[in-house]
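Letters go in sequence order (proteins before strands), and every chain restarts at 1.
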Number of protein chains: 2
Amino acid sequence: MSDKSMEQTILETAERLFIDRGFSLTSTTDIAKEVGCNQSLINYYFRSKEKLFQTIFKKKALVFLASLREPLEAHIPLQEKIRVMSERHFMTLSENAKLPFFILNEIHTNPERLNVVKTIITDILQQISPSLNEELALEIQEGRMRNTTLFEIFLTMASLNIGVFLFHPVLKNFINKPNDELRTLLLQRSQENTRILLLSLEP
Amino acid sequence: MSDKSMEQTILETAERLFIDRGFSLTSTTDIAKEVGCNQSLINYYFRSKEKLFQTIFKKKALVFLASLREPLEAHIPLQEKIRVMSERHFMTLSENAKLPFFILNEIHTNPERLNVVKTIITDILQQISPSLNEELALEIQEGRMRNTTLFEIFLTMASLNIGVFLFHPVLKNFINKPNDELRTLLLQRSQENTRILLLSLEP
DNA sequence: ATCCTATTTAATAACCTTATTAATAACTAA
DNA sequence: TTAGTTATTAATAAGGTTATTAAATAGGAT
């Protein structure tokens, strides 16, 4: 039972509850009840509910954006890079299906949280945006791609990929299929989203 | 001051606060404070916070899906119908930019709320789905459209259009432009989304 | 065993919540 | 004016929230 430290157990339980119900609907009492410990133990280890949450939020924001951090093979065409990015993006989301809503929700209820996300995104952009922008400019100039911006490409990708997971609770109710078929449908949607994204870039 | 009835004032204030902060982060005390009346007046008129909320939620769910209820000209090609739907959809969203998150959030925190939305969607589908499905089948058969489903078309449309508004708080931070330029960008995005949607249907 | 430290619990202060009750105030009709 | 509604407020019950304090317990080193 205590092969995992209490601190770790609290952290993991808090993670689960925060992601499921959000910051404001998760009380430290709930977490303690779930862990099976005294409520004050949470303050003992993490000082405050807010601090505990911040730890988790940062971590999850990183996971949420992880797919965009992974380096891309340098010598493949831009189109291929975008395909890889979109597929990776969708993959990370399938493995963390609850994150899109969680992140969006917490930013919405407390705009301060945006700073964490902003830092991560800015960081990523500094890494990849210069070279991608250059490649994009070339593709456009050579007439191999539509005149567009990295911003638009990311927005399309994010909208298509995140959409599936945000609407999941609603969609589930309109697709009366067993869970494993739903997973197949999900993978198909990754393909379809990538297809649409690339299509949108054609000149 | 009391040219509007107290009941109406409470309703409108509750509407605003609920949409901004959600059900759980809006207390009846907050509403009363904002209205400038006693907290128990809210229960006097609406019996409970829950009932007050339900009234508002139903109304807003209808608005949220209103664009899909508007009838389509019967004799235009399916492609044109889809274009009109997408543009209308985006338009309703721009006029109710906070609704996508509001609806999604409330469904998430209380899945019971899904029933309201489900009823409305089922209703809409019964109205439009048979004829659209027939037209779609024909277009596919004649090789004028890719083999797809109404479900996928709606999912793509919703993802692209709703995405813009869900990410708005984040996007605003990365576009350092004045608000009126932002509005222009928004309209452009409607065009772009429609373009992508129709592109995705080409054979 | 004892002391020391780290962990855990119990008790509680100082809030904030919603719904109910009873007491006023305002208005309306006879 | 008076009686009867309707609208509004004050007071409060019953519960929930987080953070703090002090007390209890456990484990290890001496």
Rounded to whole Å, how long is the line connecting atom CE of A:M6 with atom C1' of D:dT25? 15 Å
Looking only at side chains, do B:D30 and B:S27 share a donor and an acceptor under 3.5 Å apart? yes
Checking all strands, does B:S40 fall into the base, sugar-phosphate, or nothing category for heavy-atom contacts under 4.0 angstrom? base
Single hit among B:L104, B:L93, B:N161 for side-chain contact (heavy atoms from CB on, under 4.5 Å) with B:L166: B:L104
If you take atom types as modelled and just measure distance, does the side chain of B:T28 reach the base of C:dA19 with a donor-acceptor pair under 3.5 Å? no
Starting from P on C:dT8, measure out to CZ on A:F46 and report it in whole angstrom. 12 Å
Which one, C:dT18, C:dT8, D:dA19, comes nearest to the side chain of B:Q39? C:dT18
Given atom CG of B:L25 and atom C1' of C:dT18, what is their separation to the nearest angstrom? 16 Å
Rounding to 0.5 Å, atoms CG (B:L25) and NE2 (A:H108) come to a distance of 10.0 Å
Classify the nucleic acid contact of A:T29 as base, sugar-phosphate or nothing, counting any heavy atom under 4.0 Å across all strands shown. base
In whole angstrom, what separates A:R47's CZ from D:dT20's P? 8 Å
Nucleotide C:dT18, atom P - distance to CD1 of B:I10 in whole Å: 14 Å
Under-4.0 Å side-chain N/O to phosphate OP1/OP2 contact, B:Y44 with D:dT8: no
Closest nucleotide among D:dT17, D:dA19, C:dT8 to the A:L41 side chain: C:dT8
Nearest-Å distance for atom pair NZ/C1', residues A:K51 and D:dA19: 12 Å
For the pair made of CG in B:N43 and C1' in D:dA11, what is the distance, rounded to whole Å? 15 Å
Whether B:K49 engages the ring of B:F23 as a cation-pi pair (distance to the six-membered ring centre under 6.0 angstrom, angle to the ring normal within 45°) should be assessed. yes
Quick check on D:dT8: is either OP1 or OP2 less than 4.0 Å from any side-chain nitrogen or oxygen of B:Y45? yes
Apply salt bridge (Lys or Arg N to Asp or Glu O under 4.0 Å) to residues B:R146 and B:E202 and explain how you reach the verdict. CA-CA 5 Å; B:R146 193 161 192 275; B:E202 288 184 6; over 6 Å; no
With a cut-off of less than 4.0 Å, is there a side-chain N or O of B:N38 near OP1 or OP2 of D:dA10? yes
Write down the distance between NZ (B:K49) and P (C:dT18), rounded to a whole number of angstrom. 5 Å
